[in-house]
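Inspection log for the structure reproduced underneath, given as structure tokens.
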Protein chains: 2
Amino acid sequence: MKDNTTDQTLCPVARAETEVGDRWTVLVLRELFARSHRFEEIQAQTGATPQMVTARLKKLEEDGLVERRVYNKHPLRHEYHLTEKGEAFFPVLLALRAWGEAWCKSRKEGRAVNYTHLTCGKAAGLGPVCESCGEPIHRNELAAERAPKYQRERDARWEAFKASR
Amino acid sequence: MKDNTTDQTLCPVARAETEVGDRWTVLVLRELFARSHRFEEIQAQTGATPQMVTARLKKLEEDGLVERRVYNKHPLRHEYHLTEKGEAFFPVLLALRAWGEAWCKSRKEGRAVNYTHLTCGKAAGLGPVCESCGEPIHRNELAAERAPKYQRERDARWEAFKASR
DNA sequence: GCTTGTCACTATGAATTTCATAGTAATATG
DNA sequence: CATATTACTATGAAATTCATAGTGACAAGC
């Protein structure tokens with residue numbers, strides 16, 4: 001995609017959007033952060049078609065956010081993992097999550113995931129700083145726990161996906 | 001767009017992406033945060049076609065991020081402004097900017113915009129907390145200054161846009 | 001040794017979206 | 001009365017997306 005407005009600009013937002021400015025791409029990244037490393041898990045949980053997943057993973061790899069790791073030869077099978085650049089995207093996803101929780105859901109729907117801030121042992125809240133201790137949140141100092149309802153939703157998606165094959 | 005994976009999920013990221021999961025949408029929001037409130041400014045600076053701008057603004061209005069304000073009757077003319085929900089999106093853009101500056105540009109290209117943290121009077125850095133005083137950054141406590149190179153880029157885009165009509 | 005299952009995709013074609021180019025409508029300005 | 005300003009709309013070709021189906025390589029069970 002040649003693109004004079006985003007490739008040749010100094011604007012970091014435009015630059016970023018050429019790499020992650022797509023719904024499926026962000027959903028794939030969400031899954032990688034959620035430790036879904038296999039193609040089928042990503043496909044099932046994002047709801048994308050296999051072509052979409054293939055295309056996004058390929059582009060993410062080209063852009064340096066994702067790397068493939070062989071976990072099986074014969075047949076050749078890969079797992080997808082975040083690189084340093086991919087891991088660095090976490091604050092964006094955290095901010096997007098905070099906005100989504102605050103502005104895209106009714107109050108009675110609960111949180112999908114609750115984070116515990118491991119450095120202080122208490123609830124981290126929505127960030128960017130821990131609501132319990134005030135320190136900036138880093139992904140490696142976080143323990144995630146899915147709300148039962150959200151966990152069930154994911155389990156159901158996986159079952160539905162497997163059943164449809 | 002009926003969408004069983006993003007409309008019916010508890011995941012705030014998926015919810016958010018149905019509203020802002022698109023390159024043009026994010027670029028339009030960037031312009032609104034940059035205080036471009038007129039249709040043509042947005043069109044010129046994003047590089048989108050008028051249909052794209054129309055469609056995104058309409059959707060953003062429907063989703064409650066943007067409101068139209070009449071600034072002229074006869075002919076009827078509107079300006080586009082962020083609502084509270086739209087303003088609340090700022091941390092996402094800030095995080096995206098930080099990631100873009102850090103990972104989508106070569107070191108020798110400078111920053112596009114530098115922020116001064118008004119509460120401490122010093123450089124705010126890339127956030128989410130002020131690099132000078134450590135406090136969380138809020139948009140209304142920030143003064144933005146465009147790098148001369150970036151300002152020239154924007155001026156040139158505006159000139160090119162006007163010349164092409 | 002043959003069927004069934006697993007995993008990661010690819011193939012196909014219709015439907016939708018995007019893009020470039022051009023044009024319109026209402027009014028102000030010189 | 002001609003030109004400029006502003007905010008769009010129209011059109012059709014090109015590209016992308018989607019749903020549905022299928023493939024290839026192997027493992028595991030019987």
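- The shortest distance between the side-chain N/O atoms of A:Y80 and the OP1/OP2 oxygens of C:dC7 is not below 4.0 Å.
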Between the protein and nucleotides 25-30 of chain C, list every N/O to N/O distance that falls short of 3.5 Å.
residue, atom, partner, partner atom, Å
C:dT27, OP1, B:H74, ND1, 3.4

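- Going from atom CZ of A:F161 over to atom P of D:dA19 covers 14 Å, rounded to whole Å.
- Residue pairs satisfying the salt bridge (charged side-chain N to carboxylate O under 4.0 Å, His left out) criterion with at least one member in residues 132-144 of chain A, sequence neighbours excluded, are listed as follows: A:E87-A:R139.
- When distances run from any side-chain atom of A:T49 to the nucleotides D:dA19, D:dT17, C:dC19, the shortest one goes to D:dA19.
- Among residues at least two apart or in separate chains, salt bridge (charged side-chain N to carboxylate O under 4.0 Å, His left out) pairs with a member in residues 105-122 of chain B are A:R15-B:E109, B:E101-B:K105.
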Atom pairs, N/O to N/O, protein against nucleotides 9-13 of chain D, distance under 3.5 Å?
residue, atom, partner, partner atom, Å
D:dA10, N6, B:Q51, NE2, 2.4
D:dT11, O4, B:Q51, NE2, 3.0

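- One finds no salt bridge joining A:R146 and A:E153 here, because no Lys/Arg side-chain nitrogen approaches an Asp/Glu carboxylate oxygen to under 4.0 Å.
- At whole-Å resolution of the value, CD in B:E79 and P in D:dC8 are 12 Å apart.
- Here the nucleotide nearest the side chain of A:Y71, chosen from C:dC7, C:dC9, D:dC18, is C:dC7.
- By the 4.5 Å heavy-atom criterion applied to side chains, A:Y115 and A:L94 are counted as neighbours.
- The CZ atom of A:R69 sits 15 Å away from the P atom of C:dA8 (whole-angstrom rounding).
- For residues 35-49 of chain A, every residue pair satisfying the salt bridge (charged side-chain N to carboxylate O under 4.0 Å, His left out) rule, not counting sequence neighbours, is listed here: A:R38-A:E79, A:E40-A:R165.
- When the P atom of D:dA27 is taken as reference, atom CG of A:N72 falls 8 Å away, rounded to whole Å.
- For the OP1/OP2 pair of D:dT17 and a distance below 4.0 Å, the side-chain nitrogens and oxygens of A:R56 include at least one atom meeting the criterion.
- Rounded to an integer number of Å, the gap from CD of B:Q43 to P of D:dT5 is 15 Å.
- A salt bridge does not link B:E31 with B:R56: none of the charged nitrogens is closer than 4.0 Å to a carboxylate oxygen.
- If you measure from atom CZ of B:R68 to atom C1' of D:dT6, you get 13 Å, rounded to the nearest angstrom.
- With hydrogens and angles ignored, the 3.5 Å screen pairs a side-chain donor or acceptor of A:N72 with a backbone N or O of A:P75.
- Legend: ring pair (Phe, Tyr, Trp, His ring centres under 6.0 Å) pairs involving residues 34-62 of chain A, not counting sequence neighbours, sorted by first then second residue: A:H37-A:H81.
- With distances taken from any side-chain atom of A:E40 to the nucleotides C:dT18, C:dC7, D:dA7, the minimum falls on C:dC7.
- The interatomic distance linking A:R23 (CZ) with D:dT16 (P) rounds to 18 Å, in whole Å.
- Atom P of nucleotide C:dA8 and atom CE of A:M52 are separated by 19 Å, given to the nearest angstrom.
- With hydrogens and angles ignored, the 3.5 Å screen pairs a side-chain donor or acceptor of A:W99 with a backbone N or O of B:K85.
- Contact check, A:W24 against D:dC18: a side-chain N or O comes under 4.0 Å of OP1 or OP2.
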